[in-house]
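Since the model is a prediction, treat every value here as computed from it, not as a measurement. Labels below follow one simple rule: chain letters A, B, ... track the order of the sequence lines, proteins then strands, and each chain is numbered from 1.
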2 protein chains.
Amino acid sequence: MSAQGDFIAGDWGTSHLRLFLCDARGAVRDSATGPGVAGSDGRCGEIFDSLASKWGEHLPAVLCGMVGSNIGWLQAPYAPCPATLADIAGRSASLRDGRIRIVPGLECRNHFDAPDFMRGEETQILGALALAPCLHQGRQLLCLPGTHSKWAVLNDGVVSEFLTAPTGELFNLLSTHSVLIRERGDLTEPAFCHGLAQFARFPAAQLLHRLFECRSRSLAGELVPRDAAAFLSGLLVASDIAGAVAALGPATTVYLIGSPNLTRLYADGLGHHGLGQSHTIDGSAAALAGLAQIRRQLVTHAN
Amino acid sequence: MSAQGDFIAGDWGTSHLRLFLCDARGAVRDSATGPGVAGSDGRCGEIFDSLASKWGEHLPAVLCGMVGSNIGWLQAPYAPCPATLADIAGRSASLRDGRIRIVPGLECRNHFDAPDFMRGEETQILGALALAPCLHQGRQLLCLPGTHSKWAVLNDGVVSEFLTAPTGELFNLLSTHSVLIRERGDLTEPAFCHGLAQFARFPAAQLLHRLFECRSRSLAGELVPRDAAAFLSGLLVASDIAGAVAALGPATTVYLIGSPNLTRLYADGLGHHGLGQSHTIDGSAAALAGLAQIRRQLVTHAN
């Protein structure tokens, strides 16, 4: 069912695989889903073939995410920053005579002089550059919220540095296992904004000295116990924003790339901090656009 | 086996009960241990009687800790700050015609305008005042490290305010459940000091943006994976010290009250931050001295 110029784009993370049959311009013609790398049991090749075979034999493919890690299909070593589209595409790892390419992650020495890594987000950043061309000009600040949120700085379209905050992981750990949260309710907007607002009153405070409020405000009757997790989420997002902007420097617009339920929280948080406007780009669309950019780069480079 | 003036002092926390037969001056004549409040199954009275009966009938007792919480023997409502020895003793809850007294916890509006609470630590603070009389003069800063670390400010011997940081709980959660720590090794001193030193290079940084280093430094070969937990401990203790001192203000000497394995970490941390000297007081000795102080206050007040 494939046509001349078609290729397969794959976003293969720890928990999910999303495969797309794309035409030469990157438009999606069909899609399929499968298990993440963590559930692939070392059989990434078989899983890929079983899903892709319906689209025909020997189609070229570009895959990003944990599929390129040491628990994936083939390890694609991290590319160093500063990194351009050409750098990232040029360092992709090859399988099956180069027909399948796996996108490398990025590494940098971050603001705190520590090694930092991303894998998968580099493709979303390349996609954001394609979807929002203004990102190619000057200094731009991007935030990709998630289990391990990434903040990235672009200079004239080049990824110059980034910084990781395990904001989502800390939220999950604390709301599941901590005595600070006795009851995990819905993430109600008012309680989330309460957490944002309380943190923003003392933006230089260490997060550690604000966490107990999830419990103490419940004990004191200032917070309904089932709202404690939403309040915690507000504290964490506010701490993430305050710390990242202090480290990397403010920006007129912060570009938020991710799932709508997460980017909405960060857009609220940026508003509360009075840190300028935000512009949201859907994370799945960004990944797909990034894979198409890399494919285009590889084709152009091969010719 | 008891003599005139003898009394029972009890430190009854969530996990442990330590009972002491003391003479009128507070010297220990005998001791016994039992289950904490969490393991008492609502039978605190029976447990107390079974342990204390060997010392004779109708001895007066003073008990502190979670025994006074809503999961303990009798709820002793929190006393407000500022609080003196007389305030705390005066608000103790009575059982068995006043023969058994349960020490109340403390509550305050902390530096971040949030409600804050302690239960058990107030008795250790009163004990520290007895063991280190210089604490009665001027402004003093105390730190009681633990699952939920407490930082307290004394003004002329009066507890004026305090601040809680769930430092120990966060360490346990992250080193047990997080993908940041793959292997939980011993808390080796060099790796702990590495964490302290790295945090201290950027003391105003948000903890969130330093946590990923537990993993990234291992990936980059800068940290042996089994040292990641000790490195994390260094980051957490440094963040606790930096945040508390920024909030409450520095002190020439910080008084550390707790178990030696914890106070040692904080003494190291204060040294790394160049925040002056520390003076350590054993937490168990402080609790016992505090119970004796409260007993003395109650006897004096009764006469």
Could you tell me which portion of [X] (side chain, backbone, both or neither) has an atom closer than 4.5 angstrom to a non-hydrogen atom of chain B?
X        : result
A/Arg210 : side chain
A/Leu207 : both
A/Ala246 : neither
A/His148 : side chain
A/Phe202 : side chain
A/Leu173 : both
A/Glu107 : neither

Is any NZ, NE, NH1 or NH2 atom of the basic residue among [X] and [Y] found under 4.0 Å from an Asp or Glu carboxylate oxygen of the other?
X        : Y        : value
B/Asp87  : B/Arg91  : no
A/Arg264 : A/Glu189 : yes
B/Arg201 : B/Glu213 : no

Problem set entry | B/Leu208, part contacting chain A, at a heavy-atom distance under 4.5 Å |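 Answer is both: backbone and side chain atoms of B/Leu208 are under 4.5 Å from chain A.
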For this session: Output the option from A/Ser178, A/Ala247, A/Ser149, A/Ala204 having the highest count of non-hydrogen pairs under 4.5 Å with chain B.
Result: A/Ser178
For this session: Against chain B, work out which of A/Ala114, A/Ala244, A/Ala205, A/Ser216 has the most heavy-atom pairs shorter than 4.5 Å and name it.
Result: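 Option with the top pair count is A/Ser216.
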At a heavy-atom distance under 4.5 Å, which candidate from [options] has the highest pair count against chain A?
options                                : result
B/Asp113, B/Thr176, B/Thr167           : B/Asp113
B/Val179, B/Leu236, B/Thr147, B/Asn172 : B/Val179
B/Glu222, B/His177, B/Arg215, B/Gln198 : B/His177

Exercise. CZ/B/Arg119 to CD1/B/Ile102 distance, rounded to the nearest 0.5 angstrom?
Worked result: 9.0 Å
Exercise. When rounded to the nearest 0.5 angstrom, what is the spacing between OG in A/Ser278 and CG in A/Asp268?
Worked result: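 Here the interatomic distance stands at 8.5 Å.
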For this session: Tell me whether the centres of the aromatic rings in A/Phe117 and A/Tyr78 are closer together than 6.0 Å.
Result: yes
Exercise. Any side-chain heavy-atom pair from B/Phe231 and B/Leu235 closer than 4.5 angstrom?
Worked result: yes
Problem set entry | Side-chain touch B/Trp12/B/Met66, heavy atoms, less than 4.5 angstrom |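 Of all side-chain heavy-atom pairs linking B/Met66 with B/Trp12, none is under 4.5 Å.
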Problem set entry | Derivation and outcome, salt bridge (Lys or Arg N to Asp or Glu O under 4.0 Å), residues B/Lys150 and B/Glu161 | CA-CA 10 Å; B/Lys150 306 287 175 182; B/Glu161 64 168 323; over 6 Å; no
